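All values derive from a computational prediction rather than experimental measurement. Sequence positions, counted from 1, serve as the residue numbers for this chain.
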Amino acid sequence: MTRDLSIPLIQLRNISKVYGSETNPVYALKGVALQSFKGEYLSIMGPSGSGKSTLMHLLGILDTATSGHFGLSGTIIGLVGVFVLVSCW
């Protein structure tokens, strides 16, 4: 099985993660965008409380975003079940 190298391995578009209530929202992530292709290396850095762990939880599919689009190898996460995700690898 060959993969199209023009499709990002990881793609985030306008990702937000909100905690709290509608009247008092707390944004852990707001409008995050990222693309990474096969063979690239990434480093996620920032001060304490900037959303690094929240982003890693989203990338590891341990949590879901409040809004935005998240794709792995061209498969949109959040719209598919775990079985489909595992079978795409």
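- Here the side chains of V32 and L58 are not in contact, with every heavy-atom distance at 4.5 Å or above.
- Across all their heavy atoms, K17 and T54 have their closest contact at CG-CG2, 3.8 Å.
- Considering only heavy atoms from C-beta on, L59 comes within 4.5 Å of F70 through its side chain.
- Expressed to the nearest 0.5 Å, how far NZ of K30 lies from OG1 of T66 amounts to 12.0 Å.
- When all heavy atoms are compared, the tightest approach of E40 to F37 is OE1-N, 2.7 Å.
- When all heavy atoms of N14 and G31 are compared, the pair lying nearest together is OD1-CA, 3.3 Å.
- Between the side chain of K52 and the backbone N or O of G46, at least one donor-acceptor pair lies under 3.5 Å.
- Nearest heavy atoms, P8 versus Q35: CG-NE2, 3.5 Å.
- Hydrophobic clustering, defined by side-chain heavy atoms of Ile, Leu, Val, Met, Phe, Trp and Tyr closer than 4.5 Å, groups V18 together with Y27.
- Between G68 and I15 the shortest heavy-atom distance is C-CD1, 3.9 Å.
- Taken together through direct or relayed side-chain contacts under 4.5 Å among Ile, Leu, Val, Met, Phe, Trp and Tyr, L55 and Y19 form parts of separate hydrophobic clusters.
- Linking ILVMFWY residues whenever their side-chain heavy atoms come closer than 4.5 Å, directly or via other members, places L42 and I61 in the same cluster.
- One finds the CD atom of Q11 at 10.5 Å from the CG atom of L72 (value rounded to the nearest 0.5 Å).
- Residues P25 and E22 share a closest heavy-atom pair of CD-O, 3.6 Å.
- The closest side-chain heavy-atom distance from S16 to L29 is not below 4.5 Å.
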